[in-house]
Amino acid sequence: MSFRNHLYNSISKKPKRFKEHILASKVSGRDNGISFNQADEVNFNLYENTFAIANTSMISPIADGAFGYYKYALEGTFYLESGILVNKIKLLPKRKNDRVFTGYIYVVEDAWAIYGTDLEVGGAQVGIPAVKKLHIKQNYNYVVSSEAWAIVTQTIDFEAGMLGFNFNGRFSAAYSNYNFQPNFTENSFDNELLSFAKNATKKDTTYWNAIRPVSLTTEEVSDYRLKDSIQTVRKSKKYLDSIDQKRNKFRIIDLISGYDYDNSYEKWSFGVRSPVLKINFNTVQGWNSTMGVNFTKRLNETGKRFSTGINVNYGISDKRARPEAYLNYKWNNISYPYLRISGGVATSQFNANNPISPFWNTISSVLFERNYMKIYEKAYAKASYSQEVTNGIRLFSSFEFADRKPLFNTTDYVMFPQEDVQYTSNNPQEPGNFTSAFTPHQIFSLNIGAYIRFGQKYLSYPNQKITVGNKKYPTMQIGYRKNFGSGEHAWDSDFVYARAYQNIALGSAGNFKYNLGGGIFLEEKDIPFIDYAHFNGNRLLIATDNNYTRGFLALPYYALSTNDKYGEIHAEQNFKGALWSKIPLLNKLNFHLVTGAKGLFTGGNKPYSEFSVGLDNVGFGKWRVLRIDFVQSSLNGKKENRIVFGLKL
C-alpha cells in the first residue's frame with residue numbers, strides 16, 4: 001500500500017515556514033486574555049515522515065518506511081455526496097511501544113489524499129507517562145480553486161492521571177479562509193513565530209459570538225460566566241487580603257520546608273528558608289546548614305522586579321558562620337536585562353561548575369568515606385549583568401574581587417568506617433597532603449562573553465518574549481576571563497574559551513546530541529589552581545544530566561585540570577526505541593538504547609576517552625526515571641569499566 005507519494009502530490013506545495021498572528025484571544029477569568037496555546041504546537045501534518053508531539057517525533061502512517069512500523073487493513077469504503085470514494089483503513093502497529101498510532105486514516109480513492117484521521121497514541125509513545133491516551137481527529141475538505149484537500153477541523157482529546165488524580169480535556173481548532181496563492185515576500189517571514197494584533201485581548205462577547213466556529217459547551221459557558229463575573233472581585237484588596245490571610249498561616253511543616261508571607265495586592269513577598277532542608281556534610285565544615293531570608297517585589301506586569309536576601313551558612317566542626325547577601329534586579333521580560341550584586345563569605349568548590357552537589361558529597365562521605373568535594377573560602381564582592389542585545393545574542397559580564405584562603409579537614413566522621421578506605425585531604429592537587437595548600441591571595445576577575453543561538457525563533461506575547469531556539473543550528477558560548485591585581489604577576493592570567501552544543505532530532509532514528517568545548521590560556525603560567533580550566537568529572541555511581549553532554553561519567557574530578565590549552569568532545573545517540581523495539585520480547589519493556597563517546601585533550605597529557613552503552617526510560621508503567629550505562633574509560637593508558645545510574649527526577 002505505497003500511496004505516500006500520491007498523497008504528497010495531491011495537496012498544494014507544503015509550507016516550509018510558519019508564522020502565526022493572533023487577531024483575538026480570550027481566557028476565562030484573565031484580564032490579559034493570554035494563553036500559551038499556539039497553532040504550530042498542534043500542526044500535526046501526516047504528510048511529513050515524522051512530526052512532533054510533546055518533543056517526541058511520531059512516525060506518520062504514510063511515512064517513507066512506514067511498512068517497518070505499521071500493517072494496514074481495509075475496513076470499508078463509502079461515497080461522499082460528490083460521488084468520491086473514500087477508503088477506511090485501519091492502522092495495525094507492528095510493535096506496541098514504537099512511536100506510532102492506532103486507529104484509522106481515511107484516504108480518497110484515485111487522488112490518494114487524506115480525507116480524515118481518527119488516531120490514538122499512549123503516553124509511552126509520546127514520552128509523557130502521566131498521559132493515558134491522546135485522541136486526534138482531523139477532517140479535510142476539497143478546495144476546488146486550488147485542487148487540494150485542506151484540513152478544516154482538528155480535535156485533540158486527552159486523558160491523564162498520576163497518584164490517583166485523573167483528568168481530561170479537549171483542544172479544538174477550525175481552519176478556514178485558506179489562501180493558496182499568497183503574495184509573500186522575503187520580509188514576510190522572520191524568526192518571529194507568534195505575534196499579537198493590537199487590542200487582541202480586548203474583544204467583546206459580540207465579536208466572539210460572531211466568529212466562534214465551535215459552540216461553547218455548557219460547562220464552558222458556565223466557566224466563562226463564573227470567572228468573568230468574579231474577575232473584578234478577585235483583583236480587589238479585600239479579596240486578595242482574604243486569600244493571603246489563609247495562605248500566610250504558619251504551619252508546623254513550615255519549620256522544615258520554610259515559610260513565605262505574601263502580600264498579593266501590593267505585589268511583594270517575604271520568605272524564610274529553613275535550615276532543615278539544607279543540612280549537608282563535608283570534611284571541612286562537618287555537618288553544616290544554611291538559613292536565609294529573602295524579599296521580592298514585583299514592580300509591573302512587564303516583568304520588572306527586584307529581590308534581595310541574606311543567607312548564613314554555619315559549620316559545626318569548624319565553628320564558622322559565613323554570611324552572604326545579594327540584590328537582583330530585572331527590567332523586563334523582552335530582552336531580560338538582569339543585574340545581580342552579591343557579596344560576603346562563602347565556601348566554593350575549586351571547580352566553579354560545582355561537579356559534585358553537597359547532597360551527593362554528603363552521601364559519599366558519611367556512608368562510604370569518600371570526600372570528593374574540595375572547597376576553599378573566599379570573601380568576595382561581585383557584580384554581574386546580562387541582556388539579550390539582539391535576537392539570539394545574549395551578552396553576559398561579571399566583575400569580582402575575592403580574598404581566597406585555603407581550608408583544611410576538621411573532622412573524619414563516617415557512619416560506616418572501612419579499614420581499606422580513608423578520607424583524602426582538602427587539597428585537590430595533593431590528596432595526601434593534610435597540612436599545606438595554596439598561598440592565600442586576593443585577586444580581581446573580569447568575565448565577558450556571549451551566548452549565540454543561531455536562527456533563534458521566538459514568540460512575541462504582549463508583555464513577554466519566549467525563545468524556542470532553532471534545532472537546525474547549534475548554540476555557541478564564547479568568553480574571555482582576565483584575572484589581575486593579585487600582587488604577583490605570575491598569578492595574573494588571560495583565558496579564552498568557546499563551546500558549541502546541539503540536540504538534533506533524527507526522526508525515527510531518535511535524537512543525537514553533541515557538546516564541543518575548548519579553551520586556551522594566552523600565556524602558560526604558574527597560576528593558582530583555582531583558576532585552572534577544570535572539567536566536570538564523576539566518581540559516583542550516580543550521574544546527573546550535566547555528566548551526559550557537559551561532563552564525564554568516570555573522570556576523576558581534578559585529574560586533568562590544566563593551565564594550558566584543552567579541547568573536549570561529548571556525543572550521545574538516543575535511539576528512542578528505534579533498535580531495541582525491534583527485538584521480540586525485549587521490545588515490550590519500552591527501554592531506549594543509548595550510546596555515547598567522550599574525549600578530553602589537554603596540553604601535556606595523553607588524551608582521555610570514554611565510551612558508553614546504556615538503557616534509558618528504564619522503569620515500569622508510568623514510573624520511568626532510571627537510566628543505566630556501562631562505561632569504559634581510558635586515563636593515561638589505564639582502562640576502567642564502571643556501571644553508572646542516572647535519575648531523571
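This is a predicted model, so every value here is computed, not measured. Positions are given from 1, in the same order as the sequence printed here.
- Applying the salt bridge (Lys or Arg N to Asp or Glu O under 4.0 Å) rule to Glu109 yields no partners; only residues at least two apart in sequence or on another chain are considered.
- Here the OG-CZ distance, from Ser634 to Phe611, works out to 9.0 Å after rounding to the nearest 0.5 Å.
- Note on Asp157 versus Lys137: no salt bridge recorded, every NZ/NE/NH1/NH2 to OD/OE distance being 4.0 Å or above.
- Between Tyr106 and Val86, the shortest heavy-atom contact is CB-CG1, 3.8 Å.
- Legend: residues meeting side-chain hydrogen bond (donor to acceptor under 3.5 Å, both in side chains) with Thr595, ordered by chain and number and at least two apart, are absent.
- Side-chain atoms of Tyr548 and Leu553, non-hydrogen and from C-beta on, do get closer than 4.5 Å to each other.
- In this structure, Tyr140 and Tyr47 have perpendicular ring planes: the angle between them is above 60°, well past the 30° mark.
- Not one N or O on the side chain of Ser195 forms a donor-acceptor pair closer than 3.5 Å with the backbone of Ser460.
- No donor-acceptor distance shorter than 3.5 angstrom exists from the side chain of Gln477 to the backbone of Gly449, with no hydrogens or angles considered.
- A heavy-atom distance below 4.5 Å is found between the side chains of Leu119 and Leu91.
- Within the 4.5 Å cutoff, side-chain heavy atoms of Ile151 are placed close to those of Tyr178.
- Taken from OH in Tyr461 to CG in Asn333, the straight-line distance is 13.0 Å, to the nearest 0.5 Å.
- Remark: side-chain polar atoms of Arg642 are paired, donor with acceptor, to backbone N or O of Leu540 under 3.5 angstrom.
- The backbone N or O of Ile393 lies less than 3.5 Å from no partner atom in the side chain of Thr390, so there is not a single donor-acceptor pair.
- Between Thr549 atom OG1 and Tyr501 atom OH the span is 10.0 Å, to the nearest 0.5 Å.
- Thr153 is linked by a side-chain hydrogen bond (donor to acceptor under 3.5 Å, both in side chains) to Asn139, counting only residues two or more places apart in sequence or in another chain.
- The only option from Arg499, Arg550, Glu572, Gln502 that meets the side-chain hydrogen bond (donor to acceptor under 3.5 Å, both in side chains) definition with Asn515 turns out to be Arg499.
- Remark: His570 pairs with Glu568, Lys598 by the side-chain hydrogen bond (donor to acceptor under 3.5 Å, both in side chains) rule, at least two apart or across chains.
- Under the 3.5 Å distance criterion, the side-chain polar atoms of Asn574 are matched with a main-chain donor or acceptor of Lys576.
- Under the 4.5 Å side-chain criterion, counting only non-hydrogen atoms from C-beta, Tyr458 is in contact with Asn191.
- Side-chain atoms of Tyr473 never come within 3.5 Å of backbone atoms of Gln456 as a donor-acceptor pair (strictly under, hydrogens ignored).
- Legend: residues meeting salt bridge (Lys or Arg N to Asp or Glu O under 4.0 Å) with Asp118, ordered by chain and number and at least two apart, are absent.
- When side chains are defined from C-beta on, Leu555 counts as touching Leu600, because their heavy atoms get closer than 4.5 Å.
- We find that Arg539 and Glu640 are joined by a salt bridge, their nearest charged nitrogen and carboxylate oxygen being less than 4.0 Å apart.
- The two residues Phe601 and Gly599 come nearest to each other via the heavy atoms CE1-C, 4.0 Å.
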- Message: Would Phe67 and Tyr72 count as a ring pair (Phe, Tyr, Trp, His ring centres under 6.0 Å) here? Give the steps.
- Response: CA-CA 9 Å; Phe67 289 109; Tyr72 307 88; 5.6 Å; yes

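- Taking a 6.0 Å sphere around NZ of Lys465, one finds it holds more than 12 heavy atoms contributed by other residues, nucleotides or ligands.
- The environment of NZ in Lys71 is sparse: at most 12 heavy-atom neighbours from other residues, nucleotides or ligands sit within 6.0 Å.
- Under a 3.5 Å cut-off, the side chain of Asp190 and the backbone N or O of Glu192 do form a donor-acceptor pair.
- Closest heavy-atom contact between Ile478 and Ala498: CG2-CB, 4.0 Å.
- Between Val613 and Leu593, the closest side-chain pair of non-hydrogen atoms falls below 4.5 Å.
- Not a single donor-acceptor pair under 3.5 Å links the side chain of Asn536 to the backbone N or O of Gly551.
- Among residues two or more places apart in sequence or in another chain, the ring-ring contact (aromatic ring centres under 6.0 Å, His included) test is passed with Phe51 by Phe44, Phe101.
- Here the straight-line distance linking atom CG of Asn641 with atom OG of Ser633 works out to 7.5 Å at 0.5 Å rounding.
- To the nearest 0.5 Å, atom OG of residue Ser335 and atom CD of residue Glu388 are 7.0 Å apart.
- Between Tyr608 and Phe552, the ring-plane angle classifies as perpendicular under the 30° and 60° cut-offs.
- Looking at Thr50 and Arg99, their side chains never come closer than 4.5 Å, going by heavy atoms from C-beta outward.
- Side-chain contact between Ile114 and Ile105 is absent, with no heavy atoms from C-beta onward closer than 4.5 Å.
- Taking both residues in full, the closest heavy atoms of Leu134 and Ile156 are given as CD2-CG2, 4.2 Å, listed atom of the first, atom of the second, then distance.
- Between the side chain of Asp616 and the main chain of His592, no donor-acceptor pair closer than 3.5 Å is present.
- Seen from the ring of Phe189, Lys19 does not count as a face-on cation partner, given the 6.0 Å and 45° thresholds.
- Test Lys457, Arg453, Arg394 against Thr467 for side-chain hydrogen bond (donor to acceptor under 3.5 Å, both in side chains) and you get one pass: Arg453.
- Between Leu193 and Leu459, the shortest heavy-atom contact is CB-CD2, 3.8 Å.
- The OG atom of Ser60 sits 12.5 Å away from atom OH of Tyr69, with the distance rounded to the nearest 0.5 Å.
- When atom types are taken as modelled, the side chain of Glu120 and the backbone of Lys133 share no donor-acceptor pair closer than 3.5 angstrom.
- Nearest heavy-atom pair, Ile628 versus Ile643, reported as atom, atom and distance to 0.1 Å: CG2-CG2, 4.1 Å.
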